[in-house]
Structure formats: structure tokens, C-alpha cells
Amino acid sequence: MSRYKDQAIDLLDEYGDVVDIYYTQFLEVAFFLKVPASYSMALGFLKKKLPQLSNDQLGFLVNEITSAYHESE
């Protein structure tokens, strides 16, 4: 279990800020174009920007980023 926790921390340290920037960029473009932004579209956008990460890794990072936002409300 500790191994997975270490991998999650490493993933957040290495890619957390980059995914946050790209995810925000995706949301801004969707808002500007007035199109609905779905979770699967966001993952597809992020996958193009960071092809070295798996969909599971990207999903984890997006969930961590958005959960931090929802907890601060």
C-alpha cells in the first residue's frame, strides 16, 4: 500500500502543476467557445499534451486537482 502512496505522491510532484495548467487551459477554451466540457474530453486533451501518462494517471491527477478545489469551497 505504501508503494502506491509513494507513486501517487511522485506523480503529483512531477505532473501536478502541469496537469493543473493544461486542465485550466482546457476549461478556459471550452468556456470561450461555449461548448460543454466533459471529463472524457478533458482526459483526451490532457492525453495529447502528456502522452507519456496513462488515462488512469491523468484521471487520478484531475481528480486530485478538482477535489482540492471542491474542499476549499
N55 atom CG, over 12 foreign heavy atoms within 6.0 Å: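 Yes, the 6.0 Å shell around CG holds more than 12 heavy atoms from other groups.
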Mind checking whether [X] and [Y] have side chains closer than 4.5 Å, heavy atoms only?
X	Y	answer
E28	F32	no
L50	Q52	yes
Y15	L58	no
L53	L61	yes

Rounded distance [0.5 Å steps], CD1 in I21 versus NZ in K49: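 Output value for this atom pair is 11.5 Å.
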From CD (Q57) to CG (L12), nearest 0.5 Å: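 The CG atom of L12 is 11.0 Å from CD of Q57, to the nearest 0.5 Å.
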Check for me, please, whether [X] and [Y] land in the same ILVMFWY cluster - side-chain distances under 4.5 Å, paths through other members count.
X	Y	result
Y23	V29	no
V18	F26	yes
I9	V19	no

Y22 and F45 aromatic ring geometry - parallel, tilted or perpendicular at 30°/60° bounds: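 Ring orientation of F45 relative to Y22: perpendicular.
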Closest contact, heavy atoms only, L27 versus A37: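 Closest pair (atom of L27, atom of A37, distance): CD2-CB, 4.1 Å.
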Flag, side chain of E14 to backbone of L11, donor-acceptor distance under 3.5 Å: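 No, E14 side chain to L11 backbone: no donor-acceptor pair under 3.5 Å.
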Test item: N63 side-chain N/O and G59 main-chain N/O as donor-acceptor pair under 3.5 Å: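 Yes, N63 side chain to G59 backbone: donor-acceptor pair under 3.5 Å.
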